[in-house]
Amino acid sequence: MDSIIFDLDGTLWNPLEVSVAVWNKVLADNAVGETLTKDDLRGIMGLQADQVGEKLFPHLPKQQCEKLTEEASLLECVYLRKQGGELYPGVEPVLERLSQKYELYIVSNCQQGYIESFYEYHALGKYFNDFENPGRTGLSKGENIQLLMKRNSVERAVYIGDTTGDREAAELAGIPFVYAAYGFGDVEEYDYKVERFEELVELFD
């Protein structure tokens with residue numbers, strides 16, 4: 001193995017505190033008359049933008065869902081750039097150690113600017129060689145993993161994520177999947193499993 005590719009939400013950090021504040025501000029600004037909880041947003045983690053509105057507001061017109069999602073996506077990046085999210089315990093020391101042996105990357109189902117906000121607030125961009133997301137490419141997560149691997153001449157990698165969608169993406173890309181069981185999802189099939197982020201050192205060091 002020469003590379004490790006990470007999912008972001010539920011794998012490297014938990015952004016729910018910021019995300020729920022952003023969504024409820026957008027809903028209030030648009031006079032939707034609803035509020036969301038962290039549990040509501042936990043259910044959309046790992047989905048692409050076009051799926052988020054349908055999942056959260058199945059009773060609203062598609063055009064309105066798209067408008068709300070777009071506004072929340074833009075505002076979320078602004079908030080996260082200023083406040084950051086909640087890093088899982090041990091993230092930076094583990095990344096520092098792994099980066100000495102492997103090339104590190106991020107592929108997340110997020111909007112453009114989201115990973116950059118993660119880098120900027122937490123100053124972790126120095127550990128990663130590249131990243132990709134559907135906000136830039138319009139591709140699925142599995143396709144983005146393939147694109148990133150080709151662009152960086154990655155031959156042997158693993159993908160670390162916390163949802164069934166992450167497992168399916170790794171399968172599409174033809175690489176092993178490491179299940180981050182401390183995250184948001186519940187995954188039954190995987191190649192490796194970690195209960196804490198720090199266990200990655202034991203797994204790959």
Side-chain angles (χ1 to χ4, degrees), residues 3-23 26 41-42 44-52 69-96 98-99 102-152 154 157-163 165-170 172-173 175 177-178 180 182-185 197 200:
S3 304
I4 301 174
I5 308 172
F6 292 88
D7 170 50
L8 182 47
D9 294 342
T11 301
L12 291 168
W13 73 352
N14 178 345
L16 288 180
E17 193 74 39
V18 170
S19 297
V20 76
V22 166
W23 268 103
V26 169
L41 296 185
R42 193 173 279 110
I44 64 166
M45 289 295 167
L47 298 181
Q48 291 194 216
D50 59 341
Q51 301 170 302
V52 168
T69 301
E70 183 178 355
E71 289 185 21
S73 295
L74 292 172
L75 190 60
E76 191 174 37
C77 291
V78 174
Y79 274 47
L80 287 171
R81 201 176 290 269
K82 294 178 180 178
Q83 301 178 30
E86 179 188 352
L87 293 179
Y88 289 109
V91 162
E92 181 159 13
V94 170
L95 290 177
E96 182 179 13
L98 292 177
S99 68
Y102 305 100
E103 304 292 316
L104 305 184
Y105 302 93
I106 295 177
V107 174
S108 173
N109 267 354
C110 61
Q111 65 270 34
Q112 191 165 357
Y114 190 85
I115 296 173
E116 294 92 326
S117 296
F118 167 77
Y119 282 172
E120 183 169 327
Y121 183 84
H122 295 287
L124 295 174
K126 59 191 173 186
Y127 299 116
F128 296 94
N129 295 65
D130 197 2
F131 68 89
E132 200 51 270
N133 59 71
R136 290 203 305 194
T137 67
L139 301 175
S140 72
K141 182 173 280 187
E143 292 169 327
N144 278 326
I145 293 174
Q146 291 176 318
L147 176 65
L148 179 140
M149 290 178 66
K150 182 177 182 180
R151 187 165 68 214
N152 293 280
V154 173
V158 298
Y159 187 66
I160 303 175
D162 64 308
T163 67
D166 292 333
R167 181 192 63 76
E168 292 170 348
L172 189 149
I175 59 176
F177 173 63
V178 181
Y182 54 83
F184 299 125
F197 192 84
L200 291 174

F184: what forms a ring-ring contact (aromatic ring centres under 6.0 Å, His included) with it, not counting sequence neighbours?
none
Of all heavy-atom pairs between P134 and L139, which one has the smallest distance, and what is that distance?
CB-O, 3.3 Å
For the student: nearest non-hydrogen atoms of I160 and A180, plus distance
CG2-CB, 4.5 Å
Residues at least two apart in sequence or cross-chain that pass salt bridge (charged side-chain N to carboxylate O under 4.0 Å, His left out) with D7, listed by chain then number, are K141
Any side-chain heavy atom of W23 sitting closer than 4.5 Å to one from T69?
yes
The salt bridge (charged side-chain N to carboxylate O under 4.0 Å, His left out) partners of R151 (sequence neighbours excluded) come to D130, E132
Partner set under salt bridge (charged side-chain N to carboxylate O under 4.0 Å, His left out) for E17, not counting sequence neighbours:
K38
Could you walk me through whether E70 and Q111 pass the side-chain hydrogen bond (donor to acceptor under 3.5 Å, both in side chains) test, one step at a time?
CA-CA 9 Å; E70 183 178 355; Q111 65 270 34; over 6 Å; no
Quick one: CZ on R42 to CD1 on I44, what's the gap to the nearest 0.5 Å?
11.5 Å
Of all heavy-atom pairs linking L75 and V26, the shortest is CD2-CG2, 4.1 Å
Under 3.5 Å, is there a donor-acceptor pair between the side chain of S99 and the main chain of E96?
yes
For Y182 and D162, test the side chains for any donor-to-acceptor distance below 3.5 angstrom and give the result as yes or no.
no
To the nearest 0.5 angstrom, please state how far the CD atom of Q112 sits from the CG atom of L74.
10.5 Å
Distance-only, no hydrogens or angles: does the N152 side chain make a donor-acceptor pair with backbone N or O of V154 under 3.5 Å?
no
Distance-only donor-acceptor pairs under 3.5 Å for side chains of residues 103-110, two or more places apart:
residue, atom, partner, partner atom, Å
E103, OE1, N129, ND2, 2.3
N109, ND2, G46, O, 2.9

Looking at Y114, F197, Y119, which hits ring pair (Phe, Tyr, Trp, His ring centres under 6.0 Å) with W13?
Y114
All heavy atoms of P15 vs all of M45, minimum pair found to be CG-CE, 4.1 Å
Listed pairs under 3.5 Å, donor-acceptor, residues 77-92 side chains, sequence neighbours left out:
residue, atom, partner, partner atom, Å
R81, NH1, E120, OE1, 2.4
E92, OE2, Y127, OH, 2.9

What verdict does the side-chain hydrogen bond (donor to acceptor under 3.5 Å, both in side chains) test give for S140 and E143, after you've listed the backbone C-alpha separation in whole Å, the side-chain angles of each residue and the deciding distance to 0.1 Å?
CA-CA 5 Å; S140 72; E143 292 169 327; 3.2 Å; yes
